[in-house]
Amino acid sequence: MGSAINSLIEKGVLVSPELIEQEIDDSLVKEITDFFGDSLDYLDKEIIDNFQKQKTKEEENKLIITQTYNNPPKKRTYQDFVNVFNNRYNNIASILRTRRELEGTTTISRLKDMPNERVSMIGMIQDKNYTKNQAIILALEDPTGIVTVIIRKDDNNKELYDTANDLVLDEVIGVTGKTSGNAVFADNIIFPDIPLNKELKKGPKEEYLVCLGDTHFGTNVFMEKEFRKFIDWINCRAGSEEQKNVARKVKYLVLTGDIVEGVGVYPSQEEDLEIKDITEQYEEAAKWIKQIPSHIKIIITTGNHDAGRLSEPQEPPPREFSQALWDIPNVTMISNPGYVNIGKTKDFPGFDLLLYHGGSLIYYADNIPSIRSAGGQKRSDLIMKFLLQRRHLAPTHGSTLYLPDAEKDYLLIDLVPDFFITGHIHRSSVSDYRGVSMINASCWTETTDDQVKRGLEPLPARVTLINLKTRQPKIMNYLTKEAKEKEQEKAKQAKQLD
Ligand SMILES: [Fe+2]
């Protein structure tokens with residue numbers, strides 16, 4: 001007999017004889033005692049079994065909202081903007097200070113007393129220019145001052161030069177190098193980055209996470225046939241036996257914003273709308289989302305086409321328009337960006353998911369030399385890696401619409417996620433960076449002539465599926481044969497105009 005059972009008996013609780021003979025785990029008895037408190041006057045095997053069953057049920061499919069933004073009404077002041085940059089510097093500097101290369105950093109004001117010395121420092125890029133010899137000149141600022149950092153262009157430091165060439169204004173970096181006159185010649189640039197030792201976390205059970213993006217319910221180019229095929233699969237009505245078997249094990253589904261097409265998002269959008277009222281668009285969305293089995297936890301964030309304010313962080317769509325979605329019991333609405341944890345049990349920490357619609361992605365596709373030359377918006381993998389390395393979803397001020405919050409920088413990637421899931425650029429991609437799965441979640445709209453004119457090649461009607469036990473991804477393509485031909489033709493036209 002364990003000591004927990006013994007103390008129950010001493011307290012006067014009636015314990016069935018079989019429990020006295022058996023070895024019952026003390027911690028389990030303690031959990032039961034804590035749960036029932038003084039109302040526990042009798043304990044037998046049945047009570048223990050029911051308690052364990054209930055506990056397993058609660059642990060299954062666990063979803064915790066780790067971070068979501070709700071916009072407290074307040075007046076913004078100039079000081080809020082100052083605080084944003086101070087916060088940014090302090091938060092990222094504290095990540096950088098854990099790096100071995102940056103042990104013993106010097107504040108910038110002290111550099112003038114250190115001629116011809118090896119130094120390391122942390123600063124925010126206030127300005128970036130090129131000399132006529134293509135050397136890169138940075139103005140690096142910390143709370144004590146500003147220093148000029150020079151990165152020469154020569155064959156011996158190509159890697160460093162390429163890294164510096166991709167640097168953006170307002171990002172916070174570490175620099176090591178040698179002082180000379182009033183400047184520092186850099187020999188290394190250090191990003192806050194994802195720690196090298198981050199493990200690729202694997203879950204205890206074969207369960208699946210499904211990623212959807214940019215459904216745009218209400219547009220006249222919604223891919224209804226394709227979406228219906230997806231709904232048939234997730235309800236185990238379509239697909240091979242193996243595929244149906246996987247559908248049965250789907251436990252979580254995320255939708256990364258642009259749930260609806262919205263109204264008044266761009267001039268004369270009216271002509272492209274199948275449903276012209278925003279509330280009716282959300283009702284249409286709810287009609288489809290309700291068809292996803294109710295045991296699947298659905299996490300939805302918002303996008304630039306959705307109702308509500310445009311500036312990030314965006315709170316979830318207002319109930320006033322989207323009540324139909326809020327009413328679905330297995331739907332959880334979070335802000336953009338937002339963090340959730342899924343699958344946590346007593347013995348497993350769960351997976352951290354960072355959901356971001358992706359307002360800043362296009363800026364980095366267009367403005368980072370290495371990304372632009374590798375394909376721009378077609379390289380969502382490189383854009384997402386760039387942001388993870390900076391530990392910020394919009395390192396340059398102005399790369400996305402942003403409304404500062406004095407207390408917290410919601411675009412900071414302070415918690416290293418296991419999954420970083422975006423949408424917005426309508427490409428379907430999955431890749432991995434230092435144990436973080438990076439997913440851009442396709443879309444459910446046909447490619448429009450306007451997208452073709454802009455040289456874009458969306459990859460619509462794809463579903464990303466992740467086996468949480470192995471972390472193996474799979475992209476399921478729901479394009480019908482005729483849609484596939486149409487999309488191929490559009491892609492050809494876009495390539496010609498690119
Ligand atoms: Fe979209």
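Quick caveat: nothing in here was measured; it's all calculated off a predicted structure. In what follows, every heavy atom counts, from backbone to side chain, and hydrogens, waters and symmetry copies are set aside. Both counts, for ligands and for their atoms, begin at 1 and track the order of listing.
Atom NE2 is the N/O/S atom of His216 found closest to the Fe ion (ligand 1). Nearest N, O or S atom of Asp258 to the Fe ion (ligand 1): atom OD2.
Figure legend: Arg471 and Phe419 shown as a cation-pi pair, the cationic atom lying under 6.0 angstrom from the six-membered ring centre and within 45 degrees of its axis. A cation-pi contact, defined as under 6.0 Å to the ring centre and within 45° of the axis, is absent between Arg319 and Phe321.
Seen from the Fe ion (ligand 1), atom NE2 on His426 and atom OD2 on Asp214 lie at an angle near 90° (rounded to 10 degrees).
Side-chain atoms of Arg97 do not come within 3.5 Å of backbone N or O of Leu102 as any donor-acceptor pair.
Only one option out of Asn440, Thr256, Thr301 pairs with Thr422 in a side chain to side chain donor-acceptor pair (under 3.5 Å); it is Asn440.
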